[in-house]
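Data block below; observations after.
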Amino acid sequence: MPELPEVETVRAGLAEHVVGRTITAVDVLHPRPVRRHAAGAEDFAARLTGRRICDARRRGKYLWLPLDDGDAILAHLGMSGQLLVAPADLPDQRHLRVRLTLGDGQVAPSRCEPSPLELRFADQRMFGGLSISPAGAELPPEIAHIARDPIDPEFDDALFVARLRQRTSALKRLLLDQRLVSGIGNIYADEALWLAMLHGERPSHRLRRSQAVEVLAAVRTVLAASLAQGGTSFDALYVNVNGESGYFERSLEVYGREGEPCRRCGTAIVRVPFMNRSSFYCPTCQPRPRRRTS
DNA sequence: CAGTCGCCCTGCTGGC
DNA sequence: TGCCAGCAGGGCGACT
């Protein structure tokens with residue numbers, strides 16, 4: 001369940017290990033992860049072969065690798081996706097879906113044999129995928145609707161607060177709306193709401209300005225804390241960029257803690273259904289909004 | 001237009 | 001023991 005901190009960790013790993021390399025072969029083992037490439041898996045593979053990766057960028061939970069001709073490989077990890085940098089002799093993992101074989105990208109041959117490297121996309125549930133974004137190097141048009149994330153220096157706090165307060169939906173729903181603010185998923189939304197001591201079902205247009213500001217600050221706190229841990233989890237050769245390991249070791253305050261005591265007040269954490277998933281909160285620290293009588 | 005809902009997909013868990 | 005329902009959930013298309 002990669003959210004912003006996990007995806008950013010992946011991006012940093014890719015920036016270090018695949019930028020500058022040339023794609024020498026592409027192997028699509030399952031068609032679903034390349035479903036967004038309308039021309040099909042074979043075309044996907046043919047188009048990428050021979051091209052050089054120039055950068056590794058991210059917006060929200062999307063990643064993209066600008067190529068030398070201005071196009072880009074656009075990636076989303078979905079729920080269970082992983083991008084792994086692995087030596088070619090490492091056995092395939094169970095849910096390997098796409099393999100990009102990488103050359104070293106140097107014009108002159110190196111003195112010693114460079115160890116062949118692969119960029120592997122593995123994904124158990126296949127909600128994620130890879131696609132080619134024509135002219136997408138700067139910002140893929142497919143994700144132009146995705147807002148900046150709260151860690152982005154160009155994130156506009158005042159605009160976010162204003163938009164939050166003019167929308168009528170429940171607060172948590174808006175935290176998950178990637179057009180408003182990106183990078184937040186179900187887990188960090190619950191964690192941020194607990195920190196801000198607000199219930200996710202609060203109607204956002206009735207928040208005080210100071211409460212909206214506090215929500216944003218709480219989101220930043222939670223994301224920054226997780227990012228600080230996620231960044232420590234990969235080594236130089238085998239880059240496990242799933243984020244899963246650092247992720248569950250992280251101390252969560254409410255997510256997944258149904259029935260356990262709130263670390264602030266001791267009240268048992270509650271789980272409620274929300275958009276075909278779950279929300280966790282402390283009923284004392286985060287009281288449900290009172291129902292309006294009219 | 002904003003808001004809301006259901007679907008995509010696999011594997012694990014728990015109930016009977 | 002085996003089967004099946006339920007759950008995990010980001011994003012998008014299709015509704016109201």
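By convention in this document, chain letters (A, B, ...) are assigned in the order of the sequence lines, proteins followed by strands, and residues within each chain are numbered from 1.
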Rounded distance (Å) that lies between atom C1' of C:dC7 and atom CZ of A:F127: 11 Å
A:S80 and A:D123: side chain donor to acceptor below 3.5 Å: yes
Under the side chain to side chain donor-acceptor pair (under 3.5 Å) test, residues paired with A:S133 that sit two or more places apart: A:E142
Flag for A:R167-A:S204: side-chain donor and acceptor within less than 3.5 Å: no
Atom-to-atom span, CG of A:D177 to P of C:dG13 - whole angstrom: 15 Å
Candidates B:dT4, B:dT10, C:dG10 - which lies nearest the side chain of A:H95: B:dT10
Spacing between A:I184 atom CD1 and C:dG11 atom P, to the nearest angstrom: 11 Å
Sugar-phosphate only, base, or nothing, as touched by A:H145 at under 4.0 Å among non-hydrogen atoms: sugar-phosphate
Sugar-phosphate only, base, or nothing, as touched by A:R179 at under 4.0 Å among non-hydrogen atoms: nothing
Rounded distance (Å) that lies between atom P of B:dG11 and atom CD of A:Q82: 14 Å
DNA chain C: 5'-proximal contact among A:H76 and A:Q124 (nearest heavy atom): A:Q124
Rounded distance in Å - CZ (A:R163) to C1' (B:dG3): 15 Å
Any donor-acceptor N/O pair, A:R165 side chain to A:L207 backbone, under 3.5 Å: yes
Side-chain N,O (A:T168) to OP1/OP2 (B:dG3) below 4.0 Å: yes
Touch class at under 4.0 angstrom, heavy-atom based, for A:Y62 against every strand present: sugar-phosphate
Whole angstrom value for the distance that separates P of C:dA5 from CG of A:N276: 17 Å
Angle between terminal axes - the helix from B:dA2-C:dT16 to B:dC16-C:dG2, 5 pairs each end, rounded to 10°: 50°
Presence of donor-acceptor pair under 3.5 Å, side chain of A:R125 and base of C:dA8: yes
C:dG10 base / A:R277 side chain donor-acceptor hit below 3.5 Å: yes
Side chain A:R264, main chain A:W194, donor-acceptor under 3.5 Å: yes
Separation of atom CE in A:M126 from atom P in B:dC7, rounded to whole Å: 19 Å
Nucleotide nearest A:R167 when distance is taken to its side chain, options B:dG11, B:dC9, B:dG3: B:dG3
Any A:S80 side-chain nitrogen or oxygen under 4.0 Å from OP1 or OP2 of B:dT10: no
Integer-rounded Å distance: C:dC12 C1' and A:R32 CZ: 12 Å
N/O (side chain, A:Q178) to phosphate O (OP1/OP2, C:dG11) under 4.0 Å: yes
A:L84 CG to A:E118 CD distance, which is reported to the nearest 0.5 Å: 10.5 Å
Touch class at under 4.0 angstrom, heavy-atom based, for A:R35 against every strand present: nothing
Test side-chain contact (heavy atoms from CB on, under 4.5 Å) applied to A:H205 and A:T168, A:L171, A:L174, the passing residue: A:T168
Under-4.0 Å side-chain N/O to phosphate OP1/OP2 contact, A:Y188 with C:dG10: no
Closest non-hydrogen atom pair between A:V98 and A:L96, with its separation: O-CD1, 3.7 Å
